[in-house]
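So the structure is just underneath, and the comments pick up after that.
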Amino acid sequence: MTATTARTLTGLSSTTADGVGASPRRPDGTLKATGEFAYSSDLWMEDMLWGATLRSPHPHARILGIDITGALKVPGVEAVLTHEDVPGAKRYGLEYRDQPVLAYGKVRYKGEPVAVVAADHPETARRAMERIRVDYEVLEPVGDARRAAHDPHCPLVHDEGGLPVREDYRQSGNRVRHQPIRTGGFTGAAGDTDRERRVLEELREQADAVVAAEYEVGMQDQAFLGPESGMAVPAEDGGVDLYIATQWLHVDQRQIAPALGLPEDKVRLTLAGVGGAFGAREDLSMQIHACMLALHTGKPVKFVYNREESFHGHVHRHPALMRFEHGARADGTLLYATLEIIVDGGAYASATPAVVGVASSLGIGPYEVPNVLVDAYGVYTTNPPCGAMRGFGAVQACFGYESQMDRLAEKLGLDPVELRIRNAMAQGSRIITGQEVDAPLPMAEMLRRARALPMPSERLERADPRTLPGGVSGTTRGEGVVRGVGYGVGLKNLCFSEGFDDYSTARVRLEAVAGEPVALVHTAAAEVGQGLVTVKGQIVRTELGVETVVVHPADTRVGSAGSSSASRQSYMTGGAVRQACAAVRAAVFALARGRGAVPEGTADADLSLTGGNLVSASAGVLAALADLLADGTVVEETREFHHRPTEMLDPTRGQGASHVQFGMCVHRAVVDVDTELGLVRVVALDAVQDVGRVLHPQQLAGQIQGGSTQGLGLALMEEIQVRDGEIVNPSFTDYLIPTILDTPPMRIDVLERPDPHAPYGLRGAGEPPTLSSTPAVVAAVRDATGRALARVPVRPEDILGIER
Amino acid sequence: MRVSFNVNGADVTAEDVWPGESLLYVLRERLGLPGSKNACEQGECGSCTVYFDGVTACACMIAAGQAQGRRVRTVEGLSQGSERGGPRRLDDVQEAFVAAGAVQCGFCTPGLVVQAHDLVERTVGRGGPVPGDAEIREALAGNLCRCTGYGMIVDAVRLAAERRAASGSGA
């Protein structure tokens with residue numbers, strides 16, 4: 001990796017080693033490399049039972065009866081539970097409680113949990129499940145998202161009156177949310193279809209070029225490597241302790257406790273090792289089931305999904321149907337844009353309303369467009385449930401608007417990068433919701449930098465077959481191979497949006513241990529691989545000037561940290577740790593003053609904690625921290641950190657400052673395409689990203705390269721294929737994620753233009769690369785082949801122009 | 001059934017093994033060696049890679065009974081424990097994975113470490129040159145990673161091989 005960095009350093013309060021800006025090793029790295037790190041699937045107790053889940057074989061069916069007597073007779077089986085055994089609330093959900101703990105009445109997707117079993121061996125549990133008899137009356141599946149959005153005669157997935165209706169989401173029929181956005185000439189016509197059409201016709205007449213097209217994004221899977229798993233241990237107080245891989249301990253607790261009929265303090269969660277997340281662990285999987293079985297049997301119960309079950313056990317990225325139209329002047333200046341985007345939420349809402357909020361507000365991308373009409377719909381179907389995945393609604397729209405930019409450039413005879421620069425947003429621009437971008441957004445510069453990155457070397461006449469499309473299969477020696485180059489840029493909101501106060505809590509303790517100052521940092525934030533566990537230590541070192549920092553395991557004994565999603569943990573939990581450190585620092589100053597260690601007239605602003613000492617800017621070292629705390633004094637502070645408030649989008653014109661922060665990444669992809677076989681090799685996938693402030697250069701590069709690779713996967717290979725409501729490829733044999741041979745070396749150019757509103761000026765970094773890499777790769781394939789390619793993932797037959 | 005074999009230099013016996021169990025299940029659930037990970041159970045992801053009589057293989061694809069009398073080396077057998085309970089001494093490959101940033105969620109790491117260890121042993125370990133990036137990528141093509149985009153994994157393997165070559169030890 002080559003990193004060229006435009007640094008705009010803000011002042012640091014300390015220069016302690018391994019602080020903010022350095023790349024210290026991950027504190028969990030060694031244990032992960034030796035195999036000793038305890039993931040949620042590695043837990044083991046002497047008397048534990050294995051849990052297993054019986055799932056619906058139908059996408060849509062009424063449950064007429066469940067008979068568990070045969071299963072209970074299997075030797076080694078200790079419990080078989082159905083919806084009748086759910087002690088408390090029968091339904092749960094992230095923000096909208098529509099999902100049954102265990103199905104009752106009817107099942108709404110293939111793979112929906114119907115019953116759970118606890119037994120002495122996974123095979124015993126499997127055999128018991130074969131002996132559970134469920135009588136179903138099969139119903140017509142609701143598989144077509146467009147029909148679910150618009151056809152009033154479409155069967156309902158959730159019966160009318162079964163769920164509360166959110167007026168502000170414009171819920172009706174199978175619509176989970178409909179969010180319109182109207183700006184410019186469309187503002188006055190909002191809601192009046194005839195007037196809106198007349199406005200559009202007038203705009204078309206003013207445009208020198210109009211491009212209209214439909215696009216489709218397939219259902220992508222997060223495909224974390226560590227499947228859903230965890231262990232519930234019954235406690236003597238009637239409660240339960242759950243060791244679990246999740247993205248947000250407290251939102252799990254908030255959903256589990258009511259289902260168990262227990263107060264939240266009786267449901268205690270500890271984060272077990274998490275084998276990746278990417279959004280798939282935002283929703284519950286086996287959490288309530290394991291707790292129910294543990295409380296029922298009085299024994300620890302462990303669940304570990306296998307890969308096939310994992311494909312049915314978590315939500316996926318929403319597939320999307322999009323219709324775009326853009327009109328522009330001859331010089332490329334955008335005049336108007338319209339978008340209808342329908343995202344298929346599947347059987348249960350999960351994060352669908354929030355995904356619609358992102359897909360609508362960022363639906364046109366980072367471009368100045370004076371007249372915009374957007375309608376974003378999230379719908380119920382009987383397809384697999386969809387929810388959070390890295391990029392969260394912005395990924396789907398980005399593939400569409402970037403494809404449109406390329407089409408428009410071609411139609412106008414303009415360079416695609418120039419067209420983007422001409423319409424680029426910058427600080428001071430307003431996105432289509434009217435929200436001002438009030439932090440640096442150097443989009444035009446980023447595009448120029450991406451264009452200026454060194455190109456990979458030309459393909460050699462006698463190239464190593466491993467470097468060609470088809471790779472080690474040796475399907476070509478270079479004949480029919482054409483190179484293409486493409487660009488993509490994406491805009492992502494960072495932190496939770498639309499009025500959600502996703503605060504984080506941190507507790508920091510400072511004491512002297514064996515004559516050395518030691519800090520302990522305790523949060524409930526989920527380390528899912530991203531490296532927050534490293535960053536927390538860096539912040540404490542920087543703020544408190546101590547080298548030894550112990551990171552306490554994440555659990556619910558400290559306040560909520562919010563979710564490890566929306567690229568928000570460095571911002572939010574980083575912000576909370578920094579604030580708690582500031583409180584500890586102030587307490588240390590007060591302590592030192594009380595002991596006469598600070599000269600009269602010295603202001604707090606002149607004091608700092610550096611290198612294990614209390615230091616005055618004028619008088620130098622005043623005291624060693626270890627001496628100040630030598631009498632056993634413990635300084636401990638807990639702080640909640642909140643980002644600035646945001647607003648809901650209004651339900652008719654979609655206006656409102658709904659987002660906390662914006663992030664951007666620009667990609668340039670270079671591909672070689674075997675135009676005879678439709679095979680693609682990505683030769684280079686280089687990125688320019690502004691992160692405001694780099695906290696850990698090495699981990700940042702890992703986020704950008706990892707996110708870019710997931711976008712490459714969506715561009716070329718990753719799709720959960722659903723036929724009649726059934727996932728037909730629920731395995732790593734049939735659902736392909738990029739291997740090391742599919743992934744090119746990735747050059748990264750990082751900019752640091754601080755966000756004045758954010759801790760350290762940082763900007764969340766995990767998601768933006770996942771947006772822009774997909775359209776960049778597809779644009780490169782278009783450049784090589786001349787094909788329109790309006791659907792991702794691009795399949796070999798799409799490249800060859802073979803009708804399906 | 002009863003299965004006896006050698007793991008990381010020690011003779012072990014697992015009792016009451018159900019014939020359908022894999023070597024991976026026996027290692028993880030019966031022998032207290034959960035370092036090898038179960039991510040696909042189809043031999044596609046490489047997370048459970050172990051040495052099986054000196055050759056790398058996916059432990060999920062080996063029936064427990066096939067291990068009878070064989071030698072298995074897992075990720076736990078690559079590092080050396082200190083006798084006084086201090087930190088383990090890492091193998092060059094493990095050390096390089098941590099140093100190069102090749103570890104994020106880490107679920108793929110044990111399998112990749114074993115596979116990369118094999119590559120280093122087969123190349124610089126036998127007096128050969130440090131493998132090039134194309135050779136490293138080919139050797140690791142059977143191991144999936146979802147977090148890193150692989151760049152730092154290639155860096156780590158190259159680093160391990162270079163350190164091994166510099167230390168000059170041939171075995």
Side-chain angles (χ1 to χ4, degrees), chain A residues 1 23 25-26 28-39 41-42 44 121-123 222-227 273-278 304 306-308 464 466-467 471-472 528-531 698-699 701-702 704-710 712 731-733 737-741 743 745-746, chain B residues 18 20-21 25 28-29 32-45 47 74-76 78-79 87-88 90-91 93-95 97-110 113 133-134 136-155:
Chain A
M1 182 199 81
S23 285
R25 293 181 174 204
R26 304 177 59 101
D28 57 6
T30 297
L31 288 177
K32 285 177 172 177
T34 59
E36 295 165 290
F37 186 76
Y39 292 88
S41 51
D42 299 338
W44 192 87
H121 189 283
E123 179 61 15
Q222 298 86 351
F224 50 44
L225 281 198
V274 183
F278 317 117
V304 182
N306 65 23
R307 182 55 55 184
E308 180 174 351
D464 180 342
R466 290 179 298 189
T467 66
V472 290
V528 297
Q530 80 277 44
Q698 187 190 61
Q699 289 188 172
I704 297 174
Q705 293 176 337
S708 302
T709 304
Q710 291 182 1
L712 183 161
S731 74
F732 279 167
T733 307
I737 66 173
T739 70
I740 198 167
L741 291 174
T743 311
M746 290 175 272
Chain B
W18 173 62
E21 285 176 18
Y25 185 91
R28 289 177 52 79
E29 307 297 341
L33 293 169
S36 309
K37 296 295 173 241
N38 181 357
C40 79
E41 279 187 305
Q42 288 190 328
E44 289 287 351
C45 76
S47 303
T74 71
V75 68
E76 287 97 338
L78 296 187
S79 57
R88 298 178 75 84
L90 301 189
D91 178 80
V93 173
Q94 292 171 316
E95 164 66 23
F97 264 64
V98 180
V103 178
Q104 286 189 33
C105 94
F107 209 79
C108 68
T109 305
V113 161
D133 285 6
I136 293 171
R137 286 178 182 269
E138 195 174 341
L140 302 183
N143 292 74
L144 297 176
C145 168
R146 190 54 159 169
C147 296
T148 64
Y150 302 104
M152 294 184 195
I153 291 172
V154 176
D155 293 343

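The structure displayed is predicted, hence computed values, not measured ones.
With a 4.5 angstrom heavy-atom cutoff, T739(A) touches chain B via backbone and side-chain atoms both. Only the backbone of V274(A) has a heavy atom closer than 4.5 Å to any heavy atom of chain B. For Q698(A), the parts sitting under 4.5 Å from any heavy atom of chain B are the backbone and the side chain alike. At a 4.5 Å heavy-atom cutoff, L78(B) makes no contact with chain A through either its backbone or its side chain.
Chain A forms more heavy-atom pairs under 4.5 Å with one residue of A141(B), C45(B), G43(B) than with any other, namely A141(B). Counting heavy-atom pairs under 4.5 Å between each of T34(A), D28(A), T30(A), D464(A) and chain B puts T34(A) at the top. Contact count versus chain A (heavy atoms, under 4.5 Å) is highest, among Q42(B), E21(B), E76(B), for Q42(B). Contact count against chain B (heavy-atom pairs under 4.5 Å) is highest for A223(A) among G276(A), A223(A), P122(A). Interface check for chain B: of the options S708(A), S731(A), G531(A), the most heavy-atom pairs under 4.5 Å are formed by S731(A). Counting heavy-atom pairs closer than 4.5 Å to chain A, the top residue among T109(B), D133(B), V103(B) is V103(B). Of the listed residues (C108(B), S79(B), A99(B)), the greatest number of heavy-atom pairs within a distance under 4.5 Å of chain A belongs to A99(B).
Using bins of under 30°, 30° to 60° and over 60° for the plane-to-plane angle, the ring pair H121(A)/W18(B) lands in the perpendicular bin.
In this structure, R146(B) contributes its side chain and Q222(A) its backbone to a donor-acceptor pair below 3.5 Å. Q705(A) contributes no side-chain N or O that, together with a main-chain N or O of G151(B), makes up a donor-acceptor pair within less than 3.5 Å. Using modelled atom types, one side-chain atom of R137(B) and one backbone atom of I740(A) make a donor-acceptor pair closer than 3.5 Å. No donor-acceptor pair under 3.5 Å is formed between the side chain of Y39(A) and the backbone N or O of P34(B).
A distance of 13.0 Å separates CD in Q699(A) from OG1 in T148(B), rounded to the nearest 0.5 Å. Here F97(B) contributes atom CZ and R26(A) contributes atom CZ; the two are 13.5 Å apart, rounded to the nearest 0.5 Å.
In terms of heavy-atom proximity, Q94(B) sits nearest to A33(A) at NE2-O, 2.9 Å. Pairing each heavy atom of A701(A) with each of M152(B), the nearest pair is CB-CE, 3.4 Å. Nearest heavy atom pair, residue G35(A) against residue P110(B), reads CA-CG, 4.4 Å. The heavy-atom pair separating F732(A) from A39(B) by the smallest distance is CE1-O, 4.2 Å.
L225(A) is listed as a side-chain neighbour of S47(B), based on a closest heavy-atom distance under 4.5 Å. In this structure the side chain of I737(A) reaches within 4.5 angstrom of the side chain of L144(B), judged on heavy atoms. With a 4.5 Å cut-off on side-chain heavy atoms, F107(B) and P227(A) count as touching.
Scanning for salt bridge (Lys or Arg N to Asp or Glu O under 4.0 Å) contacts around D42(A) gives R28(B), K37(B), with sequence neighbours left out. A search for salt bridge (Lys or Arg N to Asp or Glu O under 4.0 Å) contacts involving E308(A) returns nothing, not counting sequence neighbours.
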